[in-house]
Amino acid sequence: MLRVYNTLTRKKEEFQTLEPKVVKMYVCGVTVYSDAHIGHAMSAIVFDVVRRYLEYRGYSVHYVMNFTDVDDKIINRANQKGMDPQVLAETYIQAYRKNLEDLNVLAATANPRATQEMPQIIRMIEGLIEKGFAYPAKNGDVYFRITKDPEYGKLSGRRIDDMQAGSRIEIEEEKEHPMDFAIWKAAKPGEPAWDSPWGKGRPGWHIECSAMNLSHLGEQIDIHGGGNDLIFPHHENEIAQSESFTGKQFARYWMHNGMLQLQGEKMSKSLGNLVTIDDFLARHEADALRMMVLNGSYRAPLSYSDEIMDAAERGLDRLRSALKPAPAGAVGAAAELRNTLDRQTEAAQQTFVEAMDDDFNSSGGLAALFELVRAVNTARDAGATDAQLKPAQDTLKTLTGVLGLRLGEKKASGGDADKFIGLLVEVRNEARKQKNWALSDLIRDRLKELGVAIEDNKDGTIWHW
RNA sequence: GGCGUCGUGGCCAAGUGGCUAAGGCAAGGGUCUGCAAAACCCUCAUCAUGGGUUCAAAUCCCAUCGACGCCUCCA
């Protein structure tokens, strides 16, 4: 039984979908005005793992992730660079797509963008006005009337009165209540603008997600995800808009990932303490970032450091150690040992599922995989052949695949080179027979410089890139 | 000030009432090896602090200290 922690109730709840075996899932994407950093990557990876695991458990997942392609920051940035805001946004959308692909994040079912949803957004605003949940102001803005929504604050656990007290928000005269938020913003000169019943303008940030959910997934969805910095005000406002508009519960489960921190602070564009995904990938493989995320729990903050990355990379090496082939001369393992391996494989798979079923406990899932790694390596040491190792290794590959790890399956690593390396290994073994250690060590050392590792086992020599 | 998350070995981290407190990294010892490497085996924590509840608590309650996030754009 899958259990999911729901921000709305602050509890783990049994996961039940609106429709059997179908999951409608919406994750807030990024505002595209600069290069994405590894905090964004963490969020993308977290929800990619959720999606992959749900699919592994037999669900068909409709996964929607949006791009916010019109907002103040994009406009400012574009003006600085003397570019058209839409061109700027498009550039970063393509860059982010590439980042996600490099990170082995599965493509979403749909990637809607605010600028392509104007009719739906405007229709929704009209509906909210009709129902009295929103009002147009004299300045051309349209605001959501939070006092009309008795449940406002239920996601973030805030009360309107509390917020008023400590609020640092500038009180705009056009607003009925200081906490009312804009769902349509009147255009200032030179800004991108769309026609609307309230004059030229553009949508507020929150309304686009509500509208895109409605048009791409329907009135109700199963999972809504994003970083926990979005809980307030973004997701709170989304709930207010969507539920006021439809009169129905919007998302059943709200999932939020913790923030990636650098030197004790949240990594963010505004603070400037960030590592871009491109920077990261120039120094590490994509799996390493994923491994780092998987080792923790998605809801907790995660500190990024070289030490953590080092541990993650070594952990990956360990997972890969089980996928190495048996030595050429392997004689085969006894029946009893093969049974043990089968049993351990079964147990690992079961433990993996139990852990992941508990709110996607990936570090628990990894622990099960490491147990399997030990089992495989022990069997290989005991003489198991490739054929005997295969079922366990296949299981390991399947389960690491559920986590989205590739484990460096470098395609056609050497191509033709493999044959020549095999030949060198053969020659080296001849030298070893003749106790020509100088020559055999030379071959080993030189191959190592070329990135080929040689391991002499009892039953023969293994080499790998 | 308000809301929320959290504090487990050198580091990361699971576990949230009861068998010997998962797993990974690092460290030390050992097996194997011509030497290595890899693998395997062994060793390494009483759970921030102080009270309380209970037959029994890392796990529940209270307090204290500390960290982080949100309350303003933010994954």
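Throughout, protein chains are lettered first and strands after them, A, B, ... in sequence-line order, and every chain is numbered starting at 1. Please read these numbers as outputs of a predicted model, since none were measured by experiment.
Taking a pair to require two hydrogen-bonding distances under 3.5 Å in either a Watson-Crick or a G-U wobble arrangement, B/rA21 remains unpaired. Base pairing of B/rG1 is made with B/rC71, judged by Watson-Crick or G-U wobble geometry with both donor-acceptor distances under 3.5 Å. Base pairing of B/rG7 is made with B/rC65, judged by Watson-Crick or G-U wobble geometry with both donor-acceptor distances under 3.5 Å.
Nucleic acid contact class of A/Ile462 (heavy atoms, under 4.0 Å, all strands): none. Residue A/Gly153 is classed as having no contact, given no heavy-atom separation below 4.0 Å to the nucleic acid. Base contact: A/Leu260 has a heavy atom under 4.0 Å from a base atom. The residue A/Arg10 sits close only to the backbone: its heavy atoms come under 4.0 Å of sugar-phosphate atoms, none of a base. A/Lys435 comes within 4.0 angstrom of nothing in the nucleic acid, heavy atoms only. At the heavy-atom level, A/Glu313 lies nowhere under 4.0 Å from the strands shown. Within the nucleic acid shown, A/Met267 comes within 4.0 Å of at least one base atom, counting heavy atoms only. The residue A/Gly39 sits close to a base: some heavy atom pair falls under 4.0 Å. Residue A/Asp358 is classed as a sugar-phosphate contact, given heavy-atom separations below 4.0 Å to backbone atoms only. Among the atoms of the strands shown, base atoms are found under 4.0 Å from some heavy atom of A/Arg158. In this structure, A/Gly225 reaches neither bases nor backbone, as no heavy-atom distance under 4.0 Å exists between it and the strands shown. Using a 4.0 Å heavy-atom cutoff across all strands shown, A/Arg318 reaches sugar-phosphate atoms only and no base atom.
Minimum atom distance to the side chain of A/Thr378 is reached by B/rC40, of the listed B/rC40, B/rC71, B/rC12. The A/Arg444 side chain lies nearest to B/rG34 when the options are B/rA13, B/rG34, B/rA75. In the set B/rG15, B/rA75, B/rG24, B/rG15 carries the atom at the smallest distance from any side-chain atom of A/Lys12.
No hydrogens or angles were tested; on distance alone, nothing pairs the side chain of A/Arg432 with the base of B/rC35 as donor and acceptor under 3.5 Å. A donor N or O paired with an acceptor N or O is found under 3.5 Å between the base of B/rC12 and the side-chain atoms of A/Asn295.
Put simply, A/Asn361 has a side-chain N or O that comes within less than 4.0 Å of OP1 or OP2 on B/rG15. Close to B/rA14, at under 4.0 Å from its OP1 or OP2, lies a side-chain N or O of A/Ser297. Remark: A/Arg374 is in phosphate contact with B/rG24, judged by side-chain N or O atoms under 4.0 Å from OP1 or OP2.
Salt bridge present: A/Glu371 and A/Arg374 bring a charged side-chain N and a carboxylate O closer than 4.0 Å. Salt bridge annotation for A/Arg314-A/Asp317: absent, with no cationic side-chain nitrogen under 4.0 angstrom from a carboxylate oxygen.
The cationic group of A/Arg77 does not satisfy the cation-pi geometry with A/Tyr33, failing either the under 6.0 Å distance to the six-membered ring centre or the 45° limit from the ring axis.
The aromatic rings of A/Tyr26 and A/His224 sit tilted relative to each other, their planes meeting at an angle between 30° and 60°. Between A/His40 and A/Tyr96, the angle of the ring planes goes over 60°, which puts this pair in the perpendicular group of the 30/60° scheme.
Nucleotides B/rA26 and B/rC12 place their C1' atoms 11 Å apart, quoted to the nearest Å.
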